[in-house]
Amino acid sequence: MAALTTEEFITWANRLANLPWPMTLEEFITTATKDFEWDLGDGGKHFIATFSGHVEFVMFSVNDENEIDDVLFFVARGGSDERENMILLNDLFAAYVSAGMESWGKVMQKKTGKESSVAWEIRDGKILKLERSSKVILFTLYTPQGARYYE
């Protein structure tokens with residue numbers, strides 16, 4: 001299983017959340033490649049980042065004003081054993097949520113079940129969201145521009 005530690009999760013979430021949003025695509029590319037040392041992949045459609053010694057794609061979306069709406073990546077990926085994945089991903093998800101509550105306070109939205117999620121609204125209208133499935137845990141930062149489309 002490839003997974004960020006809770007400290008890495010909080011650090012990366014805060015690094016992204018603390019950027020000077022709004023940012024254009026070009027500004028974000030410059031920040032990501034220079035400050036985060038991410039590589040631009042697939043003709044500029046995503047980044048390639050190394051977290052905890054494993055490589056992940058960092059995806060993003062851009063609005064009509066060429067500003068970043070959201071940034072997302074997997075903070076944990078399960079292996080080939082689905083039963084073991086569920087146990088490990090449940091434990092990791094609980095640890096990430098606990099760390100998030102310690103850093104950002106009470107969650108604004110929570111969904112439980114086979115596919116669980118939690119979201120925090122933080123300063124300046126940004127939203128941080130974690131989603132767990134049977135195979136992965138996904139982190140998404142909604143910038144203030146993207147948060148207006150958040151449901």
Side-chain angles (χ1 to χ4, degrees), residues 1-23 25 27-29 31-33 35-42 44-63 67-79 82 84-151:
M1 173 166 299
L4 273 68
T5 65
T6 54
E7 294 82 15
E8 289 171 309
F9 161 64
I10 296 298
T11 297
W12 279 108
N14 283 332
R15 283 186 86 181
L16 287 166
N18 290 329
L19 290 174
W21 303 108
M23 292 181 84
L25 175 59
E27 291 168 330
F28 185 62
I29 287 172
T31 298
T33 56
D35 296 345
F36 299 165
E37 298 180 356
W38 294 347
D39 295 316
L40 198 55
D42 194 21
K45 295 184 181 178
H46 65 257
F47 294 98
I48 302 166
T50 302
F51 300 125
S52 298
H54 69 278
V55 174
E56 285 294 342
F57 292 118
V58 178
M59 285 93 36
F60 55 88
S61 62
V62 180
N63 62 28
E67 296 171 333
I68 301 293
D69 274 345
D70 57 49
V71 180
L72 56 133
F73 56 88
F74 296 112
V75 293
R77 286 182 185 265
E82 191 167 330
E84 184 178 318
N85 285 346
M86 283 303 295
I87 294 167
L88 292 172
L89 289 171
N90 279 338
D91 290 347
L92 279 170
F93 186 74
Y96 293 146
V97 170
S98 179
M101 289 175 68
E102 193 173 303
S103 292
W104 309 305
K106 185 177 175 183
V107 299
M108 66 173 246
Q109 185 180 60
K110 183 177 184 178
K111 177 183 165 194
T112 58
K114 189 174 181 176
E115 295 189 358
S116 299
S117 66
V118 294
W120 294 267
E121 184 171 5
I122 61 169
R123 65 200 166 282
D124 303 326
K126 293 171 269 203
I127 296 172
L128 306 175
K129 184 175 184 181
L130 273 177
E131 299 172 87
R132 183 201 42 80
S133 71
S134 63
K135 298 182 181 184
V136 298
I137 299 174
L138 176 69
F139 167 73
T140 306
L141 161 75
Y142 292 90
T143 68
Q145 295 67 45
R148 62 183 165 202
Y149 303 111
Y150 179 79
E151 296 181 25

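- Proximity of H54 to L4: side-chain heavy atoms (C-beta onward) are separated by under 4.5 Å at one or more points.
- Considering only heavy atoms from C-beta on, I48 comes within 4.5 Å of F57 through its side chain.
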Just do the side chain to side chain contact (heavy atoms under 4.5 Å, CB included) check on F47 and F73 with the steps written out, would you? CA-CA 10 Å; F47 294 98; F73 56 88; over 6 Å; no
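- Residues D70 and L141 are not in side-chain contact: their nearest non-hydrogen atoms beyond the backbone lie 4.5 Å or more apart.
- The two residues A3 and S52 have their closest heavy-atom pair at O-OG, 3.6 Å.
- Here the side chain of T31 pairs a donor or acceptor atom with the backbone of E27 at under 3.5 angstrom.
- A 4.5 Å side-chain heavy-atom check between R148 and N63 finds at least one atom pair inside the cut-off.
- Between D69 and V62, the closest heavy-atom pair is OD2-C, 4.3 Å.
- Taking the ring-ring contact (aromatic ring centres under 6.0 Å, His included) definition, one finds that W104 meets it with F9, W120, sequence neighbours left out.
- F51 has its ring centre no less than 6.0 Å from the ring centre of F74.
- A distance of 10.0 Å separates CG of D39 from NE2 of H46, quoted to the nearest 0.5 Å.
- Looking only at distances, a side-chain donor or acceptor of R132 sits under 3.5 Å from a matching main-chain atom of K114.
- When the salt bridge (Lys or Arg N to Asp or Glu O under 4.0 Å) test is applied to E56, the partners found at least two apart in sequence or on another chain are R77.
- Pairs of residues two or more places apart, or lying in two chains, never qualify as salt bridge (charged side-chain N to carboxylate O under 4.0 Å, His left out) while including a residue from residues 1-14.
- You'll find the ring centres of F28 and W21 inside the 6.0 Å limit.
- Contact between V107 and V118 at its shortest, heavy atoms only, is CG1-CB, 4.0 Å.
- For the salt bridge (Lys or Arg N to Asp or Glu O under 4.0 Å) test, no residue two or more places apart in sequence or in another chain qualifies with E67.
- Applying the ring-ring contact (aromatic ring centres under 6.0 Å, His included) rule to F36 yields the partners W12, W38; only residues at least two apart in sequence or on another chain are considered.
- With values rounded to the nearest 0.5 angstrom, S61 atom OG is found 14.0 Å from K45 atom NZ.
- One distance of note links CE of M59 with CG of L72; it measures 4.5 Å at 0.5 Å rounding.
- Here L128 contributes atom CG and I122 contributes atom CD1; the two are 4.0 Å apart, rounded to the nearest 0.5 Å.
- Using a 4.5 Å heavy-atom cutoff, the side chains of M1 and L92 are in contact.
- Nearest heavy atoms, L89 versus S134: CD1-O, 3.6 Å.
- Heavy atoms only, all atoms of each residue included: A49 and V58 are closest at CB-CG2, 3.8 Å.
- Put simply, OH on Y142 and CD1 on I68 are 14.0 Å apart, with the number rounded to the nearest 0.5 Å.
- Taking all atoms of both residues into account, the shortest heavy-atom contact from F93 to S116 is CE2-CB, 3.8 Å.
- Take D124 and apply the salt bridge (Lys or Arg N to Asp or Glu O under 4.0 Å) test, not counting sequence neighbours, and it matches K126.
- Atom CD1 of I127 sits about 8.0 Å away from atom CD of Q109, to the nearest 0.5 Å.
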